[in-house]
**Student:** 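Could you have a look at this structure, given as structure tokens, before my questions?
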Amino acid sequence: LPKGAKPGDVLRGSLGFGKEQSNLLGAGKRPGGFRISYRVPPATNPTKPSSSPSTSSKKKKSDEEQTNEAARDFMVARLAKYYSSKGKAEFDRIAAGILKRWPDHLPVLIHQLKRLDQDSTRKKHLLEIMAAADKVIAKFDTKAMREHYGANLDSEDVEAAEIRKKMDKDKAILADALYRKGRAIAYAEDLNQKIRAAKKAKDEKALKELGSEALKLPKRAFDKNFRELRKWVTTTDDAYVLLHIRHERRQRRYAHGLKLLQARMAKLSNPDRKYLDKRIKIIESLGWKDWAEYEKKLNILRFPTAYQPF
């Protein structure tokens, strides 16, 4: 723009395309050009993009705070090394120390849940798993998450993309906690059913092994938890399908549960005893006794307890 131009001024002139060429007839361009006008827009004050809350808070942190948080994160990472029963005392010591200074620190709560919910010890800590899962779930504002996912994401909005990235991470943690809680509830229901059956049969040996008292569960605990999980994920996905199959069995939709289980097993590279045992239970529920007996005998061949000497 000309140096003397001010906001609101109208600049007028002409614009031509092409140029005169001596080897062509005529001027080679429109005589007088095209008339144009341009109004000078208001002046704008360039502003620096505002930093996100997380960025600004990091800038305000002192060197001491940054050092303390780095030490905390290092200790949190070490918790995974003490999941075994031998490491319980050290795990509890480190976790207690972190939670004393940073109450309800989410990564610690997640480690506490995962330590309890291991394949080898899960059924010994069912009520503790439910309580640990509830602590993780309580850390999330599910109302705000629902409102966020209720609107489409503007791909050109950098700040919104960062928020969505964090929300996706939170949703994955929330769904994992709900899944673990649902599985613990399901196992607790199975245990209570076995205890009732042992009491009815007056089987003292079984009661000594299982426990004489049933675990106290809230009414319709599994159904409420499963409905909450469904709000966040597709429960037929591989990560959650076993809980969905449990839901189908509870609704007496055994055939559909078997179909889902067969589809999941088809993706496994090797036979898995856990899935095969679940299939036998569903087949028995369908009343197919011969097939169930055949599968049980086949499992003996698939998973022998010992091999014949050479």
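The model shown is predicted, which means the values in this text are computed figures rather than measured ones.
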**Student:** To the nearest 0.5 Å, what is the distance between CG on Leu276 and CG on Asn299?
**Tutor:**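 One gets 5.0 Å once the value is rounded to the nearest 0.5 Å.
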**Student:** Are Asp176 and Arg180 within salt-bridge range, i.e. N to O under 4.0 Å?
**Tutor:**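 Salt bridge between Asp176 and Arg180, a charged N being under 4.0 Å from a carboxylate O: yes.
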**Student:** Strictly below 4.0 Å, N to O, side chains only: are Glu295 and Arg302 in salt-bridge contact?
**Tutor:**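 Here Glu295 pairs with Arg302 in a salt bridge, since their nearest N and O are under 4.0 Å apart.
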**Student:** Just verifying a value: how many Å separate Glu65 CD and Asp63 CG, rounded to the nearest 0.5 Å?
**Tutor:**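 So the CD of Glu65 and the CG of Asp63 are separated by 9.5 Å.
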**Student:** Indicate yes or no: does Arg246 engage Asp190 in a salt bridge with an N to O separation below 4.0 Å.
**Tutor:**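 Salt bridge present between Arg246 and Asp190.
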**Student:** Going by an N to O cut-off under 4.0 Å, is there a salt bridge joining Glu90 and Arg93?
**Tutor:**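 Salt bridge: yes.
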**Student:** Considering only residues two or more places apart or on different chains, which pairs with a residue in residues 124-176 satisfy ring pair (Phe, Tyr, Trp, His ring centres under 6.0 Å)?
**Tutor:**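 Ring pair (Phe, Tyr, Trp, His ring centres under 6.0 Å) check on residues 124-176 returns no pairs.
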**Student:** Any salt bridge linking Glu69 with Arg101? Criterion: basic side-chain nitrogen under 4.0 Å from a carboxylate oxygen.
**Tutor:**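 Between Arg101 and Glu69 there is no salt bridge, as every charged N stays at least 4.0 Å from the carboxylate O atoms.
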**Student:** Please determine which of Lys224, Arg230, Lys231 meets the side-chain hydrogen bond (donor to acceptor under 3.5 Å, both in side chains) test together with Glu228.
**Tutor:**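 The option that passes is Lys231.
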**Student:** Can you tell whether the side chains of Lys139 and Asp170 come within less than 4.0 Å, N to carboxylate O?
**Tutor:**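 No, no charged N to carboxylate O under 4.0 Å.
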**Student:** Any salt bridge linking Lys181 with Asp134? Criterion: basic side-chain nitrogen under 4.0 Å from a carboxylate oxygen.
**Tutor:**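 Between Asp134 and Lys181 there is a salt bridge, with a charged N closer than 4.0 Å to a carboxylate O.
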**Student:** Distance-only, no hydrogens or angles: does the Asp237 side chain make a donor-acceptor pair with backbone N or O of Tyr240 under 3.5 Å?
**Tutor:**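 Answer holds: no.
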**Student:** Applying side-chain hydrogen bond (donor to acceptor under 3.5 Å, both in side chains), name anything that partners Lys267, two or more places apart in sequence or on another chain.
**Tutor:**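 For Lys267, the residues satisfying side-chain hydrogen bond (donor to acceptor under 3.5 Å, both in side chains) (neighbours in sequence not counted) are Asp238.
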**Student:** Verify, without hydrogens or angle tests, whether Glu162 (side chain) and Glu159 (backbone) share a donor-acceptor contact under 3.5 angstrom.
**Tutor:**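 Answer holds: no.
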**Student:** Is a salt bridge present between Lys274 and Asp119, judged by a nitrogen-to-oxygen distance below 4.0 Å?
**Tutor:**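 No, this pair does not count.
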**Student:** Just checking, Arg115 and Phe91: is the charged tip under 6.0 Å from the six-membered ring centre and within 45° of the axis?
**Tutor:**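 Satisfied, under 6.0 Å and within 45°.
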**Student:** A side-chain contact here means heavy atoms from C-beta on lying under 4.5 Å apart; do Glu213 and Ile195 qualify?
**Tutor:**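 When only atoms from C-beta onward are counted, Ile195 and Glu213 do not touch, as no gap falls below 4.5 Å.
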**Student:** Treat each ILVMFWY residue as a node, draw an edge where side-chain heavy atoms are under 4.5 Å apart, and state whether Val10 and Leu15 are in one component.
**Tutor:**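 No: no chain of side-chain contacts under 4.5 Å links Val10 to Leu15.
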**Student:** Any sub-3.5 Å donor-acceptor pair from Gln66's side-chain atoms to Lys61's backbone N or O?
**Tutor:**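 Side chain of Gln66 to backbone of Lys61: a pair is present.
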**Student:** Within this structure, what is the CG-CZ distance for the pair Asp154 and Arg164, rounded to the nearest 0.5 Å?
**Tutor:**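 Here the rounded value is 11.0 Å.
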**Student:** Flag the pair Lys281 and Asp277 as a salt bridge only when some basic side-chain nitrogen lies within less than 4.0 angstrom of an acidic carboxylate oxygen.
**Tutor:**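 Judged by the 4.0 Å cut-off on N to carboxylate O distance, Lys281 and Asp277 do not form a salt bridge.
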